[in-house]
Every structure is written in C-alpha cells, then in structure tokens.
Amino acid sequence: DVKVTQSSRYLVKRTGEKVFLECVQDMDHENMFWYRQDPGLGLRLIYFSYDVKMKEKGDIPEGYSVSREKKERFSLILESASTNQTSMYLCASSLFGDGEQYFGPGTRLTVT
Amino acid sequence: DAKTTQPTSMDCAEGRAANLPCNHSTISGNEYVYWYRQIHSQGPQYIIHGLKNNETNEMASLIITEDRKSSTLILPHATLRDTAVYYCIVRETSGSRLTFGEGTQLTVNP
C-alpha cells in the first residue's frame, strides 16, 4: 500500500514564526503536491514538484515556499506564519503523468 | 481543464445503490474523468477514472455518457462508511494536476 505520512496531525504556531510541514511518501513517486483545504473553498493547490529540486507554483503560492531535496520528501515552509494561514494542509503524491494521487492524513495548522 | 458541476448534497439508504451525477459539458477529447472521495477528517481517496468507456473496480462503477458531457459514479451497495464528500474532476492526459471543486456530500442513512 502507498503510504504518505505527514509530520504532525495538529500544530499550533504563533504569528511570525517559521513553520515547516513535512511530507514523506514510500512509493518512489515522482510527483508530490501540497494543498490547503478551507471550508467553502475546497482543496487548493499551493505548490507541486515533478522531481527532486524541482518545484512549480500552484494556484495559491503566496506566503509559502517548498523544498524537495530527496525524492521521497516534500516540505512546505511558511516563512512568517500569519493567521490567514490557519488551515488543513494536505500532501499527496503520484506517479509522473498520473492523476491517481495518494493523500496523507493532513495537518491541521492553527496560527494564533 | 474543463469545469464540473455536481449537486451539493445527496442522501441514500444503506444497502441501496448510490448514483452520483456529474456534469462536464465542456470536456475535451483528451480529458479524463476522475472521482475521489473524502471522509470527514481524512485526506481524499482515489476511487476510479475513465476516458470514454464505462469502468468498474472493487469500489465503484463509472458510467460516462456517449457524448462524454456527463458521468455517474455508482456505489452499488452503499454502507454508512461511504458517507463522504465525492469529487468529480476532469483532467488532461498530460500533466498530473487535479483541480478539486466543492463536490457532493453523500450521506448514507441507516
């Protein structure tokens, strides 16, 4: 079974803190994705990556950056957390060119 | 990618078939129809996808109309565990991005 794990299930941070959300997949997938999910807005793509050290902006990249130093790991970074980044963050992976994405359980981030 | 339209919510009795419709009237020839679901407090889960022909797997069946402008996801014997938000997504054959809409909240009642 494909497994996508995220470093934390729940996280509380203060405004202005630097926040790292980690995602690891164990199926040697080329693609990895970061989404956020908010009530009434659905899932929105923040960043994605097709390969190591490669990244592409999604629909809402502002305020976020990403890092992919190893194929299995994709990190989402909030350089200076703000309250409007309080959300559920979901990581996913897939084979290159494949629409079958495997999602992690999500990290519910609260910024106070 | 083509836009999809789904009902906001649907109800189904346990043990009965759940038929979830999706309209994608602007779909183009190289776009697939994907279905995912999201059970409360979990990440989305892939269900099935198709291009032109009907598809079936252990979870569901996908019926795509001949003109490909709409499709129906069928859960043949719905259980309480099938209560979830179901997303219909149209995706190009190239690239791996998915655009999730609001989906349909399916509630299976005992």
Side-chain angles (χ1 to χ4, degrees), chain A residues 1-10 21 23-25 27 29-51 54-61 74 87-109, chain B residues 1-9 22 24 27-52 55-60 62 64 71 73 84-106:
Chain A
D1 271 359
V2 177
K3 196 161 187 182
V4 179
T5 57
Q6 296 184 227
S7 50
S8 304
R9 199 79 168 91
Y10 299 94
L21 301 182
C23 175
V24 178
Q25 51 94 4
M27 281 301 291
H29 284 171
E30 293 88 0
N31 299 329
M32 295 190 76
F33 307 83
W34 274 107
Y35 297 85
R36 64 177 283 178
Q37 185 170 30
D38 302 286
L41 296 175
L43 276 91
R44 293 178 291 168
L45 183 63
I46 304 171
Y47 267 98
F48 59 104
S49 169
Y50 289 134
D51 202 351
M54 184 263 166
K55 60 185 179 185
E56 292 284 345
K57 292 180 180 179
D59 299 319
I60 51 163
F74 192 36
S87 186
M88 170 68 85
Y89 289 88
L90 290 153
C91 175
S93 73
S94 72
L95 290 169
F96 184 78
D98 193 339
E100 187 173 342
Q101 292 185 15
Y102 294 84
F103 282 80
T107 295
R108 186 165 293 282
L109 173 67
Chain B
D1 293 344
K3 183 175 169 54
T4 62
T5 305
Q6 298 178 254
T8 303
S9 63
C22 180
H24 32 79
I27 195 170
S28 59
N30 64 345
E31 290 181 317
Y32 283 82
V33 179
Y34 278 76
W35 283 84
Y36 279 74
R37 73 179 183 183
Q38 187 174 20
I39 295 169
H40 184 61
S41 298
Q42 296 182 22
Q45 176 190 23
Y46 165 82
I47 302 172
I48 199 168
H49 74 279
L51 183 63
K52 294 180 184 177
E55 303 287 344
T56 295
N57 63 20
E58 66 279 2
M59 289 183 69
L62 174 60
I64 303 174
S71 60
L73 179 75
V85 177
Y86 287 78
Y87 298 98
C88 169
I89 301 163
V90 170
R91 185 189 79 90
E92 289 187 14
T93 52
S94 62
S96 301
R97 286 187 58 160
L98 298 174
T99 300
F100 288 80
E102 288 301 310
T104 296
Q105 171 66 59
L106 174 69

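Chain naming here is simple, since letters A, B, ... match the order of the sequence lines and numbering starts at 1 in each. Values in this document were obtained by computation on a predicted structure and should not be read as measured data.
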request  = Please collect all salt bridge (charged side-chain N to carboxylate O under 4.0 Å, His left out) contacts where either partner lies in residues 87-96 of chain A, sequence neighbours excluded, each pair once.
outcome  =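 As it turns out, there is no salt bridge (charged side-chain N to carboxylate O under 4.0 Å, His left out) pair with a partner in residues 87-96 of chain A once direct neighbours are skipped.
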About how many Å separate [atom2] of [Y] and [atom1] of [X], when rounded to the nearest 0.5 Å?
| X | Y | atom1 | atom2 | answer |
| --- | --- | --- | --- | --- |
| B:Arg97 | A:Phe48 | CZ | CZ | 5.0 Å |
| B:Phe100 | A:Leu45 | CZ | CG | 9.5 Å |
| B:Thr99 | A:Leu43 | OG1 | CG | 10.5 Å |

key: Shortest non-hydrogen contact between B:Tyr34 and A:Glu100, atoms and distance   =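 Smallest heavy-atom distance, with atoms named: CE2-N, 3.8 Å.
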request  = Could you pull out the closest heavy-atom pair between A:Leu90 and B:Gly43, with the gap in Å?
outcome  =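 Scanning both residues completely, I find the closest heavy atoms to be CD2-CA, 3.8 Å.
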task = Go through the atoms of A:Arg9 and report whether side chain, backbone, both or neither lie under 4.5 Å from a heavy atom of chain B.
result =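 Only the side chain of A:Arg9 comes within 4.5 Å of chain B.
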task = Side chain from CB out, backbone as N, CA, C, O: work out which of these in A:Glu56 comes under 4.5 Å of a heavy atom of chain B, or both, or neither.
result =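 Neither; nothing under 4.5 Å.
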query = With B:Tyr46, which residues qualify under ring-ring contact (aromatic ring centres under 6.0 Å, His included), at least two apart?
reply =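 So B:Tyr46 forms a ring-ring contact (aromatic ring centres under 6.0 Å, His included) with B:Tyr36, B:His49.
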